[in-house]
Amino acid sequence: MIRKLCCAPGCEELAPAGQAHCLDHAAEAEAKARARKARAKAGAAAQAGAAFYATGRWRRARTRFLAAHPLCADCAGLGLVVAAAEVDHIRPHRGDPGLMWDRANWQSLCRPCHSRKTAREVFHPPGGIGKSEGSAR
């Protein structure tokens, strides 16, 4: 496997195979990632979402939706047949009950596709971190 230079600015050490950082910078990068995830989970929209997803009403609606739409929409777009495991809000709801319950805003996704989409929305939103769609920042 090809080894590459550590991606930390100014570092000329080799990273272990398949890794982005050398051993000296790996722990620092991991700590930054943990802090970024903690900040994302502490936001008001994340808290509203956590409360929403814990309700029995959502769990029942999710089960019914997955039964009616059992395949991952993203994988299907690539010609793949993959079982869906998550109901995704196509447009992030950010705590808005209207978007949360709008079934036209739901799609079935497999876990990898849902994780990838959610990470993109949380850590790389349009306009930069901390700015949501339509934000005037």
Side-chain angles (χ1 to χ4, degrees):
M1 182 169 240
I2 297 174
R3 292 183 64 187
K4 299 179 181 181
L5 287 178
C6 174
C7 68
C11 184
E12 295 183 8
E13 294 294 319
L14 288 175
Q19 301 295 312
H21 295 90
C22 68
L23 297 176
D24 292 338
H25 291 108
E28 179 183 335
E30 200 171 304
K32 283 182 181 180
R34 276 195 307 274
R36 190 172 62 234
K37 286 180 183 178
R39 281 192 309 273
K41 287 183 176 183
Q47 296 295 320
F52 168 74
Y53 294 124
T55 65
R57 180 180 174 200
W58 167 253
R59 288 194 300 268
R60 288 187 301 275
R62 175 191 177 281
T63 299
R64 285 191 303 270
F65 192 83
L66 287 172
H69 305 89
L71 300 178
C72 175
D74 282 358
C75 290
L78 298 171
L80 303 171
V81 177
V82 178
E86 307 284 345
V87 174
D88 174 63
H89 290 88
I90 298 166
R91 187 166 157 229
H93 59 75
R94 309 259 189 256
D96 176 356
L99 284 175
M100 287 177 176
W101 289 110
D102 179 6
R103 283 182 167 75
N105 189 40
W106 295 0
Q107 65 180 344
S108 296
L109 295 178
C110 63
R111 280 200 173 83
C113 286
H114 187 258
S115 294
R116 183 173 35 257
K117 180 179 180 282
T118 302
R120 194 177 319 118
E121 291 167 355
V122 171
F123 299 117
H124 306 286
I129 293 177
K131 299 178 184 176
S132 60
E133 294 177 48
S135 177
R137 281 191 192 181

Rounded to the nearest 0.5 Å, what separation is found between the CZ atom of Arg103 and the CZ atom of Arg64? 6.0 Å

Taken to the nearest 0.5 Å, the spacing of Glu86 CD from Cys72 SG works out to 10.5 Å

Shortest non-hydrogen pair, Ala85 vs Arg62, comes out as O-NH2, 2.5 Å

Distance in Å, Gln19 CD paired with Arg3 CZ, rounded so as to fall on 0.5 Å steps: 10.5 Å

What is the ring orientation for Trp58 with Phe52, classed by angle as parallel under 30°, tilted 30 to 60°, or perpendicular over 60°? tilted

Determine, stepwise, if the pair Leu14 / Leu5 fulfils side chain to side chain contact (heavy atoms under 4.5 Å, CB included). CA-CA 4 Å; Leu14 288 175; Leu5 287 178; 4.1 Å; yes

Donor-acceptor contact below 3.5 Å, side chain His93 vs main chain Leu99: no

Check the angle between the aromatic planes of Trp101 and Trp106 and answer parallel, tilted or perpendicular using the 30° and 60° thresholds. tilted

Please report the closest heavy-atom contact between Ala8 and His21, naming both atoms and the distance. N-CD2, 4.1 Å

From Lys117 atom NZ to Leu109 atom CG, the distance as rounded to the nearest 0.5 Å: 7.0 Å

Between Leu78 and Val82, is there shared hydrophobic-cluster membership here, with clusters defined by ILVMFWY side-chain heavy atoms closer than 4.5 Å? yes

Rounded to the nearest 0.5 Å, what's the gap from CZ on Arg116 to SG on Cys110? Could you check? 7.0 Å

Which pair of heavy atoms, one from Cys113 and one from Asp74, lies closest together, and at what distance? SG-CB, 3.8 Å

When rounded to the nearest 0.5 Å, the distance separating CZ of Arg91 from CG of Asp96 is 7.5 Å

Please check if the side chain of Ser108 supplies one atom and the backbone of His69 the other of a donor-acceptor pair under 3.5 Å. yes

